[in-house]
Asks: 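Can you read through this structure? Questions will come right after.
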Amino acid sequence: MILGIDTSLGTAVGVVDGDGVVFAEHSRANPLGHAEAIGDLLRQALVDAALGPVGTTAAPQPVALTHVAAGMGPGPFTGLRVGIAAARAFALGRALPVVAVPSHDAAALQILLSAALTDPFAEPVRFAVVTDARRREVAYTVYEGTDADGLPVRTIGPALAPRAEIDTVLADLQAERRDITEISAAMVAVVAARAIAAGRELTGPEPLYLRAPDVTLPAPRKRVGS
């Protein structure tokens, strides 16, 4: 069982098994208040996961987690660090490994799975996951189908673009725009499950901020000679 956590947009927590079956998912779309929401969402998700897959009714069973999947962004600095810190703290407390997942990969896989259900024989289209990056900018990542491991093929990004210019940028890249306002933590966990099965690392341990944080350490003061 894999616990997924993402705070790149709103705040989301989900639990899936190794086959990608969703046992629980809770989220709040508010792009603020991640620290206030994450604890309650974790508790709700673990309680629900004990009752079996979503849509079923069963006697409560212990939730045997094996991994924690952390959505690494792109996203604003404060929001991302809340989710990543929560994932790492929870994993440390349970002695579980953390799997880093680009948040756009989760959105891309959800788009691809939905398209496959609609028309399983359709040719994959080149598309871009686009999310709000604030400061009149958006973050985007271009994808084209899935690979042999069932993971989205990331061809460009993640990168930043001015909100007013994103359509021109994507036209030049010949990518259809897909605006995303929420990241599914369950899909973060599904991406992690597929990466674990394939023995792959999707991104490093550093969050995908795409820009420098607003707060920086002050420069050391120069000593004035006497």
Side-chain angles (χ1 to χ4, degrees), residues 3-16 22 24-46 48 68-90 98-111 114 127-143 152 154 157-167 169-170 176-192 202-203 205-216:
L3 172 70
I5 298 174
D6 190 274
T7 54
S8 61
L9 293 175
T11 307
V13 179
V15 179
V16 307
V22 178
E25 183 162 30
H26 290 280
S27 64
R28 294 183 187 174
N30 188 346
L32 304 174
H34 304 286
E36 293 80 2
I38 191 71
D40 286 342
L41 295 181
L42 278 166
R43 178 185 57 79
Q44 293 170 11
L46 293 174
D48 286 358
V68 179
M72 305 302 286
F77 179 82
T78 301
L80 273 184
R81 69 179 179 178
V82 169
I84 295 169
R88 290 173 176 170
F90 187 97
V98 177
V99 182
V101 175
S103 301
H104 281 188
D105 283 11
L109 183 59
Q110 190 165 25
I111 290 168
S114 178
F127 67 92
V129 170
V130 178
T131 55
D132 181 22
R134 301 180 188 172
R135 300 188 193 172
R136 300 181 183 178
E137 290 183 312
V138 294
Y140 70 94
T141 309
V142 178
Y143 295 90
R154 192 183 327 127
L160 288 176
R163 186 183 305 278
E165 299 176 14
I166 184 61
D167 287 332
V169 170
L170 297 184
E176 296 183 7
R177 178 173 175 172
R178 300 285 191 273
D179 287 287
I180 301 297
T181 57
E182 292 186 66
I183 299 293
S184 164
M187 292 307 300
V188 169
V190 171
V191 171
L202 301 178
T203 188
E206 294 302 316
L208 300 170
Y209 295 132
L210 301 187
R211 65 162 74 98
D214 293 330
V215 179
T216 57

Asks: Side-chain contact test, heavy atoms from C-beta onward, threshold under 4.5 Å: evaluate it for Val138 versus Asp179 and give yes or no.
Replies: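 Not in contact.
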
Asks: Could you pull out all residues at least two apart from Tyr140 that satisfy ring-ring contact (aromatic ring centres under 6.0 Å, His included)?
Replies: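 ring-ring contact (aromatic ring centres under 6.0 Å, His included) check on Tyr140 returns nothing, list empty.
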
Asks: For the residue pair Ile166 and Ala161, what are the closest heavy atoms and their distance?
Replies: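 Answer, listing the atom of Ile166 first, then Ala161: CD1-CB, 4.0 Å.
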
Asks: Identify the heavy atoms of Val101 and Thr203 that sit nearest to each other, and give their distance.
Replies: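 Between these two residues, the closest heavy atoms are N-CG2, 4.1 Å.
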
Asks: Is there side-chain contact between Ile180 and Ile111, with at least one heavy-atom pair below 4.5 Å?
Replies: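 Touching, per the 4.5 Å side-chain cut-off.
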
Asks: How long is the span from the CG atom in Asp105 to the OG1 atom in Thr141, to the nearest 0.5 Å?
Replies: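 Rounded to the nearest 0.5 Å, the CG-OG1 separation comes out at 7.5 Å.
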
Asks: Roughly how far, to the nearest 0.5 Å, is the CD1 atom of Ile183 from the OG atom of Ser103?
Replies: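 Those atoms lie 5.5 Å apart.
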
Asks: Search all heavy atoms of Leu210 against all heavy atoms of Ala139 and return the closest pair with its distance.
Replies: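 Heavy atoms of Leu210 and Ala139 come nearest at CD1-CB, 4.0 Å.
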
Asks: Could you walk me through whether Asp167 and Arg177 satisfy the side chain to side chain contact (heavy atoms under 4.5 Å, CB included) test, starting with their C-alpha distance in whole Å, then the side-chain angles of each, then the deciding distance to 0.1 Å, before giving a yes or no?
Replies: CA-CA 8 Å; Asp167 287 332; Arg177 178 173 175 172; 2.8 Å; yes

Asks: Looking at every heavy atom in both Phe127 and Arg178, which two are closest together, and how far apart are they?
Replies: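 Taking every non-hydrogen atom into account, CD1-CG, 3.9 Å.
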
Asks: Out of curiosity, Met72 CE to Ser8 OG, how far, rounded to the nearest 0.5 Å?
Replies: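 Rounded to the nearest 0.5 Å, the CE-OG separation comes to 11.0 Å.
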
Asks: Considering all heavy atoms of both residues, which atom of Thr7 and which atom of Val82 are nearest to each other, and what is their separation?
Replies: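 What the structure gives for the nearest pair is OG1-C, 4.2 Å.
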
Asks: Can any side-chain N or O of Tyr143 pair as donor or acceptor with the backbone N or O of Ala128 at less than 3.5 Å?
Replies: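 Looks like no, no N/O pair under 3.5 Å.
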
Asks: To the nearest 0.5 Å, what is the distance between CG on Leu46 and NE2 on His26?
Replies: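 Rounded to the nearest 0.5 Å, the CG-NE2 separation comes out at 9.5 Å.
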
Asks: Holding to ring-ring contact (aromatic ring centres under 6.0 Å, His included), I want the full list of residues that pass it with Phe90, two or more places apart in sequence or in another chain.
Replies: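 By the ring-ring contact (aromatic ring centres under 6.0 Å, His included) rule, Phe90 matches no residue at all.
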
Asks: Any chance you could lay out the side chain to side chain contact (heavy atoms under 4.5 Å, CB included) test for Arg163 and Asp132, step after step, and finish with the verdict?
Replies: CA-CA 9 Å; Arg163 186 183 305 278; Asp132 181 22; 2.6 Å; yes

Asks: Given 3.5 Å as the limit, does a donor-acceptor pair link the side chain of Glu25 with the main chain of Ala186, or not?
Replies: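 Side chain of Glu25 to backbone of Ala186, a donor-acceptor pair under 3.5 Å: yes, one is there.
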
Asks: Got a second to check how far Met187's CE is from Leu109's CG, nearest 0.5 Å?
Replies: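 One finds 3.5 Å between CE of Met187 and CG of Leu109.
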
Asks: Mind checking whether Arg136 and Pro162 have side chains closer than 4.5 Å, heavy atoms only?
Replies: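 No, too far: nothing below the 4.5 Å cut-off.
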
Asks: State, with a plain yes or no, whether a side-chain heavy atom of Leu42 is found less than 4.5 Å away from one of Leu3.
Replies: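 Yes, side chains in contact.
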
Asks: Which pairs, with at least one residue in residues 29-40 and sequence neighbours excluded, count as a side-chain hydrogen bond (donor to acceptor under 3.5 Å, both in side chains)?
Replies: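 For residues 29-40, and leaving out neighbouring residues, the side-chain hydrogen bond (donor to acceptor under 3.5 Å, both in side chains) pairs sorted by first residue read Thr11-His34.
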
Asks: If you compare all heavy atoms of Ser27 against all heavy atoms of Glu182, which two are closest, and at what distance to 0.1 Å?
Replies: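 In terms of heavy atoms, the two residues are closest at OG-OE1, 3.6 Å.
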
Asks: Show your working on side chain to side chain contact (heavy atoms under 4.5 Å, CB included) between Thr131 and Leu9 and close with a plain yes or no.
Replies: CA-CA 8 Å; Thr131 55; Leu9 293 175; 3.9 Å; yes

Asks: Check the pair Thr78, Leu32 against side chain to side chain contact (heavy atoms under 4.5 Å, CB included), reporting the backbone distance first and the verdict last.
Replies: CA-CA 9 Å; Thr78 301; Leu32 304 174; over 6 Å; no

Asks: Does a side-chain heavy-atom distance below 4.5 Å link Ile5 with Ile38?
Replies: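 SC-SC contact between Ile5 and Ile38 confirmed.
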
